[in-house]
Amino acid sequence: MRYQDQIVKVTQKALDDVCRAALAVPADKLEWCPTGKMRSVLNQMQEIAVSATFFMPLIKTGVAPEFDAEARRKATELQRSFDTLDKCIDEARRTVAVLCQAIGAVPDAQLETEVVVPFGGGVVMTAADVLGTAAWNMTYHLGQINQIQLMLGDMQMH
């Protein structure tokens, strides 16, 4: 199996896992924030709905899109347009499918190419590492959603 194909499988599973967990949260708790600094389930799913579009140019060109204040403002505005969990999941499924096609199309020879991502002031990663960032991001949010479920008294694994 090609590395890219494995990353596609991991990315699709991460999306399935985070969607299943979010759907298990009671509808009246989707916007609940346990503390002032934590993010709600809906807010996290709004990010997931659009994050594949951020990773796409990085995977296709090796160049990260702008991440300045104006770009972050526009991203936040777009995220907020997905105002229900169902809208978030539908958009995430659509954009992650496109992202997975792009991941699968990355040539083997490109995997060791180094790229700079804007996180933490600029981090150098290989293209192979970048291919897994969308899955990593969704898994990160899965943990946050699971923590909210625990705080709500839900002890089931979803």
Side-chain angles (χ1 to χ4, degrees), residues 3-4 6-59 64-103 115-158:
Y3 174 78
Q4 299 87 322
Q6 179 62 26
I7 294 297
V8 165
K9 285 174 57 176
V10 168
T11 301
Q12 291 168 334
K13 182 178 183 320
L15 178 60
D16 289 343
D17 290 348
V18 75
C19 289
R20 184 178 56 253
L23 286 166
V25 174
D28 66 331
K29 297 297 185 189
L30 289 173
E31 295 188 62
W32 178 68
C33 293
T35 69
K37 298 290 182 181
M38 287 183 75
R39 296 171 59 193
S40 71
V41 171
L42 182 61
N43 181 264
Q44 292 178 71
M45 291 303 294
Q46 287 170 321
E47 178 184 319
I48 289 169
V50 301
S51 63
T53 59
F54 174 82
F55 294 116
M56 184 70 70
L58 190 57
I59 288 169
E66 287 296 321
F67 205 60
D68 60 12
E70 179 62 15
R72 287 191 305 274
R73 185 194 65 74
K74 285 181 180 178
T76 298
E77 186 177 300
L78 177 60
Q79 289 174 15
R80 288 183 182 153
S81 72
F82 300 101
D83 57 356
T84 68
L85 182 57
D86 288 339
K87 288 179 186 178
C88 292
I89 291 172
D90 289 347
E91 183 66 3
R93 291 208 183 280
R94 185 187 71 75
T95 59
V96 168
V98 174
L99 179 70
C100 285
Q101 288 177 342
I103 291 170
V115 297
V116 178
V117 295
F119 313 116
V123 176
V124 177
M125 300 174 81
T126 65
D129 291 332
V130 168
L131 296 184
T133 55
W136 174 89
N137 186 59
M138 288 185 279
T139 302
Y140 168 78
H141 288 297
L142 171 62
Q144 292 177 312
I145 291 169
N146 288 161
Q147 181 63 33
I148 289 171
Q149 289 168 321
L150 288 171
M151 294 175 86
L152 291 169
D154 182 351
M155 302 301 163
Q156 292 184 13
M157 290 186 68
H158 298 283

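The structure presented is a predicted model; accordingly, all values stated were derived computationally and were not measured.
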**Q** Taking the side chain as everything from C-beta on, heavy atoms only, tell me whether D17 gets closer than 4.5 Å to T139.
**A**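 Contact flag for D17/T139 side chains = no.
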
**Q** Decide if atom OH of Y140 counts as having more than 12 heavy atoms of other residues, nucleotides or ligands within a radius under 6.0 Å.
**A** no

**Q** Counting N and O atoms only, with roles assigned by atom type, does the side chain of Q79 sit under 3.5 Å from a partner on the main chain of V50, one being a donor and the other an acceptor?
**A** no

**Q** Side chains of Y3 and L131: closer than 4.5 Å at any heavy-atom pair?
**A** yes

**Q** Side-chain contact test, heavy atoms from C-beta onward, threshold under 4.5 Å: evaluate it for E47 versus N137 and give yes or no.
**A** yes

**Q** Dump the intermediate steps for side-chain contact (heavy atoms from CB on, under 4.5 Å) on N146 and L142, then the final yes or no.
**A** CA-CA 6 Å; N146 288 161; L142 171 62; 3.8 Å; yes

**Q** Mind checking whether I48 and C88 have side chains closer than 4.5 Å, heavy atoms only?
**A**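 Result no, sub-4.5 Å side-chain heavy-atom pair not found.
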
**Q** Run R94 and D90 through side-chain contact (heavy atoms from CB on, under 4.5 Å) and show every step you take.
**A** CA-CA 6 Å; R94 185 187 71 75; D90 289 347; over 6 Å; no

**Q** Is a side-chain N or O of Q46 found less than 3.5 angstrom from the main chain of F82, in a donor-acceptor match?
**A**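 Checking the backbone N and O of F82 against the side chain of Q46, a donor-acceptor pair under 3.5 Å is found.
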
**Q** Please tell me if the side chains of L23 and H158 come closer than 4.5 Å, counting only heavy atoms from C-beta onward.
**A** no

**Q** Taking atom CZ of R20 and atom CG of L15, what is their separation to the nearest 0.5 Å?
**A**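 R20 CZ to L15 CG: 10.5 Å, rounded to 0.5 Å.
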
**Q** Within the side chain of T95, is there an N or O that forms a donor-acceptor pair under 3.5 Å with the backbone of A49?
**A**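 Yes, T95 side chain to A49 backbone: donor-acceptor pair under 3.5 Å.
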
**Q** Given D86 and M45, is the side-chain contact (heavy atoms from CB on, under 4.5 Å) satisfied, shown in steps?
**A** CA-CA 10 Å; D86 288 339; M45 291 303 294; over 6 Å; no

